[in-house]
J.: 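Structure below; questions to follow.
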Amino acid sequence: MESKPHLRFAPSPTGYLHIGGARTALFNWLYARRFGGSFVLRMEDTDRERSTPESVRAILDGLRWLGIDWDEGPEVGGPHGPYFQSERIPLYRETAERLVRDGHAYRCYCTKEELDERRKAFEKMGRPYKYEGTCRSRKDEPDRPFVIRLRLPDSGAVRFDDVVCGAIRKDVDDLYDEVLCRSDYVPLYDFGCVVDDHAMGITLVGRGQEHINSTFPQLVLYEYLGFAPPRFAHFPLILGPDREKLSKRLHPEADVMLHRKNGVLPDALLNFIVRLGWSHGNDEVISREQMIAWFDFDHVGTTSGVWNPEKLLWLNQQYLKAARPEELEGQFAEQLRARGWPVPDGGRLRGIIRAQQERSHTLAEMADLSAYFFAEPARDPKAAEKFLTAASRPALERIRDGLGKLAPFEPAAVEALFKATAEALGLGLGKVAQPVRVALTGGTVSPPIHDLVALLGKETALARLDRALAEIR
RNA sequence: GGCCCCGUCGUCUAACGGUCAGGACACCAGCCUCUCACGCUGGGUACAUGGGUUCGAAUCCCGUCGGGGUCACCA
């Protein structure tokens, strides 16, 4: 390929950014970044009922959160604007009229009601309905609303070589004279797509496999218009855990921003998504830089992939584990605020993160595991029954006294105290640490005992030990 | 139903005519160990199916079965 590739992501702003859209954007973006091309963002907002400014906002926010930037599009402009189809009507009008003039399209005055009736009649007979071409040779031009329809060739086939799927073909007989645009020249998908992809200099259209079938009429349009068609790459679909196509209605996890709320890191989500349909040998944990260095449509598969929440969680844990605590502060603080807990100062906040980051799958889990740092813990009765016993009283008392005198109140000193105590009592460290852990956290699970104690602070640690001691008869 | 695409462990996938079919998640066992987790070691599980082509097929061809997509004045 001589010239730089130009790719795009063209969502319709009818809701939040969903996972399928995010992956389509990611693949196109990666390809553009890898090969030094450009990445265009275009809003296909021609469905007036469903398109909303809030959705535009949500999509932009979602892409930015993921770190997918665009060279041209909303809020950044560019030489091919405007980037909202609703603002490009004159171009569609001019193009549609040219097609009519050239005999490649025609005005159709059939009403929606008439068409619906015909469709129903066909369905009743158990036959598939295709527009019959009623207005194909119509000469009069009644003063009525119309649509402009594509005039298909009488015969032949449309074929193309898909970058990921290979050779695909379809007979013109299996197509129909579809609607290009309405009376007000607001385009439908195929028409707007072709006009804009050409006008915006798109050389490679990457989209989900659900669009394979719309490629055929689009190719007819390229031909009629005398435009050189771009190359097409159709990506495999993403299915929900129930093997249905991932959809907003059926699958809450289709919402990109839900994962943010759950405390998933954008890089982890990107990593998970990029591996759905693409691979690079045996690599699993793949950084943003590596994705850009390695991504290629050659290694995009053809089979639909199923959403696997466990693997996302595992990946997120890998990223959590590898992150510097300061990188997690912001998103972790969001979790604390969501629970109505005070956000500690930076040092303590980072300390908690450091203590929990390798034992959390998400920042939400990290917050939940850290509850006892922020509020008086509820005591797990089973844990109390097993560890807060008369037998553990000597250990608890010695630790309580030792802690009371401890200075500085730091992990190394705490650890030394625990070791000395265990030795003095002739016990294993576990016999000392576990009762203390239950006294301090209410349960049997926490970071290492010395980190836990130091992070809790002397005052809180002593208070909780006193309370536990008081409860042991 | 017509048309289009697809079919390797439960899941994501590697393999681009010759491998004991590899890796990862999950699962099981063990090690490490103050708990949990991390980490490490080991384990089981897959080429949908029937026919070809070939010295040789998960890889190529055809049928069957199965899955998905699409059939709007949505995108």
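In the text below, chain A, chain B and the rest are named by the order of the sequence lines, each starting its count at 1. Please read these numbers as outputs of a predicted model, since none were measured by experiment. Note: hydrogens, waters and symmetry copies are ignored here, and every other heavy atom, side chains too, is used.
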J.: In whole angstrom, give me the gap between the C1' atoms of B/U19 and B/C47.
T.: 13 Å
J.: Salt bridge between A/R149 and A/E178, side-chain N to carboxylate O under 4.0 Å?
T.: no
J.: Suppose we call two aromatic rings close when their centres sit under 6.0 Å apart. Are A/F272 and A/W314 close by that rule?
T.: no
J.: A/S446 near the nucleic acid: base, sugar-phosphate alone, or nothing, with a heavy-atom cut-off under 4.0 Å?
T.: base
J.: Would you indicate what A/T444 reaches in the nucleic acid, counting non-hydrogen atoms under 4.0 angstrom: base, sugar-phosphate, or nothing?
T.: base
J.: So, is A/Q317 close to the B/A37 phosphate, meaning a side-chain N or O under 4.0 Å from OP1 or OP2?
T.: no
J.: Would you mind classifying the nucleic acid contact of A/N308 as base, sugar-phosphate or nothing, using non-hydrogen atoms under 4.0 angstrom?
T.: base
J.: B/G7, OP1 or OP2 - any side-chain N/O from A/R243 closer than 4.0 Å?
T.: no
J.: Identify whether any heavy atom of A/G277 sits under 4.0 Å from a base atom; if not, whether one sits that close to sugar-phosphate; answer base, sugar-phosphate or nothing.
T.: sugar-phosphate
J.: It should be established whether A/Q356 places a side-chain nitrogen or oxygen under 4.0 Å from OP1 or OP2 of nucleotide B/C38.
T.: no
J.: Distance between the P atoms of B/A14 and B/C6, in whole angstroms?
T.: 15 Å
J.: Need the pair for B/A58. Rule: Watson-Crick or G-U wobble, both distances under 3.5 Å, any strand; none if unpaired.
T.: none
J.: Mind checking who B/C71 pairs with, Watson-Crick or G-U wobble, both distances under 3.5 Å?
T.: B/G1
J.: Given the structure, check if the side chain of A/N282 and the base of B/G22 hold any donor-acceptor pair shorter than 3.5 Å.
T.: yes
J.: Mark yes or no: A/R182 above the aromatic ring of A/Y185, with NZ or CZ under 6.0 Å from the six-membered ring centre and no more than 45 degrees from the axis.
T.: no
J.: May I ask you to evaluate whether A/K170 reaches the phosphate of B/G2, defined as a side-chain N or O under 4.0 Å from OP1 or OP2?
T.: no
J.: Indicate, with a heavy-atom threshold strictly under 4.0 Å, whether A/K321 touches base, sugar-phosphate, or nothing.
T.: sugar-phosphate
J.: Does A/E284 make a side-chain donor-acceptor contact with the base of B/G23, cut-off 3.5 Å?
T.: yes
J.: Quick check on RNA chain B: between A/S360 and A/G301, whose nearest nucleotide comes earlier from the 5' end?
T.: A/G301
J.: How is A/Q318 classified with respect to the nucleic acid when contacts are heavy atoms under 4.0 Å: base, sugar-phosphate, or nothing?
T.: sugar-phosphate
J.: So A/P447, base contact, sugar-phosphate only, or nothing? Heavy-atom distance under 4.0 Å.
T.: base
J.: For A/I449, which contact category applies under a 4.0 Å heavy-atom criterion: base, sugar-phosphate, or nothing?
T.: base
J.: According to a strict under-4.0 Å criterion, is A/K245 in side-chain N/O contact with OP1 or OP2 of B/U70?
T.: yes
J.: Can you tell me the pairing partner of B/U8 across any strand shown, Watson-Crick or G-U wobble, with both distances under 3.5 angstrom?
T.: none
J.: Using 0.5 Å steps for rounding, measure from the CG atom of A/L150 to the CG atom of A/D190.
T.: 9.0 Å
J.: Remember a base hit wins even if backbone is also touched, and classify A/T46 as base, sugar-phosphate or nothing at under 4.0 Å, heavy atoms.
T.: sugar-phosphate
J.: Hey, are A/R88 and A/D196 close enough for a salt bridge, meaning a charged N less than 4.0 Å from a carboxylate O?
T.: yes
J.: Any N or O donor-acceptor pair linking the side chain of A/R169 to the base of B/C4 at under 3.5 Å?
T.: no
J.: Check this for me: does the side-chain of A/R359 come within 3.5 Å of the base of B/C38 through a donor and an acceptor?
T.: no
J.: So what does A/H234 touch, heavy atoms closer than 4.0 Å: a base, only the sugar-phosphate, or nothing?
T.: nothing
J.: Without decimals, in angstroms, what is the distance between A/F272 CZ and B/C12 P?
T.: 10 Å
J.: Scan A/Y176 against the nucleic acid and name what it touches under 4.0 Å (heavy atoms): base, sugar-phosphate only, or nothing.
T.: sugar-phosphate
J.: Check whether any side-chain nitrogen or oxygen of A/R119 sits under 4.0 Å from OP1 or OP2 of B/A72, and answer yes or no.
T.: yes
J.: Whom does B/A15 pair with, Watson-Crick or G-U wobble, provided both distances fall under 3.5 Å?
T.: none
J.: Describe the nucleic acid contact of A/V147 in one word from base, sugar-phosphate, nothing, applying a heavy-atom distance below 4.0 Å.
T.: base
J.: In whole angstrom, give me the gap between the P atoms of B/G63 and B/C4.
T.: 12 Å
J.: Check whether A/S392 reaches the backbone of A/F387 with its side chain - one donor and one acceptor, N or O, closer than 3.5 Å.
T.: yes
J.: Can you find a donor-acceptor N/O pair under 3.5 angstrom joining the side chain of A/H450 to the base of B/C34?
T.: yes
J.: Which residue lies toward the 5' end of RNA chain B, A/R23 or A/L239, if each is placed at its nearest nucleotide?
T.: A/R23
J.: Look through every strand shown and name the nucleotide pairing with B/G39 as Watson-Crick or G-U wobble, where both distances are under 3.5 Å.
T.: B/C31
J.: Examine distances only and state if a side-chain atom of A/T460 and a backbone atom of A/G457 form a donor-acceptor pair shorter than 3.5 Å.
T.: no
